[in-house]
Each structure stands twice: as structure tokens, then as C-alpha cells.
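Input: a single structure, listed below in C-alpha cells.
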Amino acid sequence: MAEKKRFVRSRTNRLVGGVLGGIAEYFGWNANLLRVIYVLITIATPFVHGILGLAVYVILYTFMPLEERAEGSNPSLRDLFRGADSTTKDQGRKVIHDVTEQDVKDSHKDGD
């Protein structure tokens, strides 16, 4: 079954808060192009040049949920302060115990 798209802020495609990255991922657009267009429209807006654009961004940042972390991914510093689970599942890594280190050159010497 296909996973349903959600309108969320991006964790990976972000410069400030991930709002425009999340919008670009939702619609399948280029995030950098969307950022340039957003800045140009914000500057061109006659309502005190930028305050309206900043207010829209802050509102979207406030109400858009943050994208959930992928299974097995490491938490970011922000997630640790928000109380997210900092433990990760075993990712197939093995720990080797009782290993001794030998110098390869010493084992090939003649006479000793």
C-alpha cells in the first residue's frame, strides 16, 4: 500500500526551519527554486516589504509538524533537548572482544 503524503516540515531539506523544504517535497518541486521565488515575492509585497512574508513563514513554522525521524536514524541535537528517544536500535554492528594487536613487521623477522 502506498504511503500517504503528509504536509510536514523537512528534517533533511532545510535552511532555517524546513518549511519551504517540506512544501517542496510535498509537491515534488525544487526546494532552492521555491526559496528564491518566496524571497522575491516577499520583497515585492507592498505590505511593509518582508513583514508579511516573515509572518507567513513563522505561522507555517508554528503549525506545520516536524517530519518524523526515519527508523534507525540518529537523533539530532534539537531532538535530544526536546526529550526524544536517544537510544538507537541495533543496526547490525558487531563488537569484537578479546583482540590482541600485533605488529605485522615483527612476525616476519628472520632469526627471532
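Just so you know, these numbers use all the heavy atoms, side chains as well, and skip hydrogens, waters and symmetry mates.
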Handout entry: Within one Ile-Leu-Val-Met-Phe-Trp-Tyr cluster: Trp29 and Val39, side-chain cutoff 4.5 Å
Key = no

Completion exercise
With sequence neighbours left out, the residues meeting side chain to side chain contact (heavy atoms under 4.5 Å, CB included) with Phe63 are Ile59

Exercise for the section: Give a yes or no on whether Leu34 and Val36 share a hydrophobic cluster (residues Ile, Leu, Val, Met, Phe, Trp, Tyr; joining criterion: side-chain heavy atoms under 4.5 Å apart). Expected result: no

Exercise for the section: Kindly work out whether a path of hydrophobic side-chain contacts (I/L/V/M/F/W/Y, heavy atoms less than 4.5 Å apart) joins Tyr26 to Val16. Expected result: yes

Problem - Residue pairs, two or more places apart or on separate chains, that pass side chain to side chain donor-acceptor pair (under 3.5 Å) and touch residues 15-24 - result: none

Practice task
Please report the shortest heavy-atom distance between Tyr61 and Gly17, naming the atom on each side.
Solution key: CE1-CA, 3.5 Å

Problem - For Tyr38, all residues meeting side chain to side chain contact (heavy atoms under 4.5 Å, CB included), sequence neighbours excluded - result: Leu20, Thr42, Val56, Tyr57

Practice task
Only counting residues at least two apart or in another chain, list the ones meeting side chain to side chain contact (heavy atoms under 4.5 Å, CB included) with Asn13.
Solution key: Ser10, Glu25, Ala31, Arg35

Problem - Nearest heavy-atom neighbours spanning Glu68 and Arg11 - result: C-NE, 3.9 Å

Completion exercise
In short, Met64 meets Ile23 closest at the heavy-atom pair CE-CG1, 4.5 Å

Practice task
Grab the two heavy atoms, one from Asn32 and one from Asn30, that are nearest each other, plus how far apart they are.
Solution key: N-OD1, 3.0 Å

Exercise for the section: Kindly write out the residues that satisfy side chain to side chain contact (heavy atoms under 4.5 Å, CB included) with Ile37, not counting sequence neighbours, or none if the list is empty. Expected result: Leu33, Ile41

Completion exercise
When every non-hydrogen atom of Glu67 is compared with those of Thr12, the smallest separation belongs to OE1-N, 4.4 Å

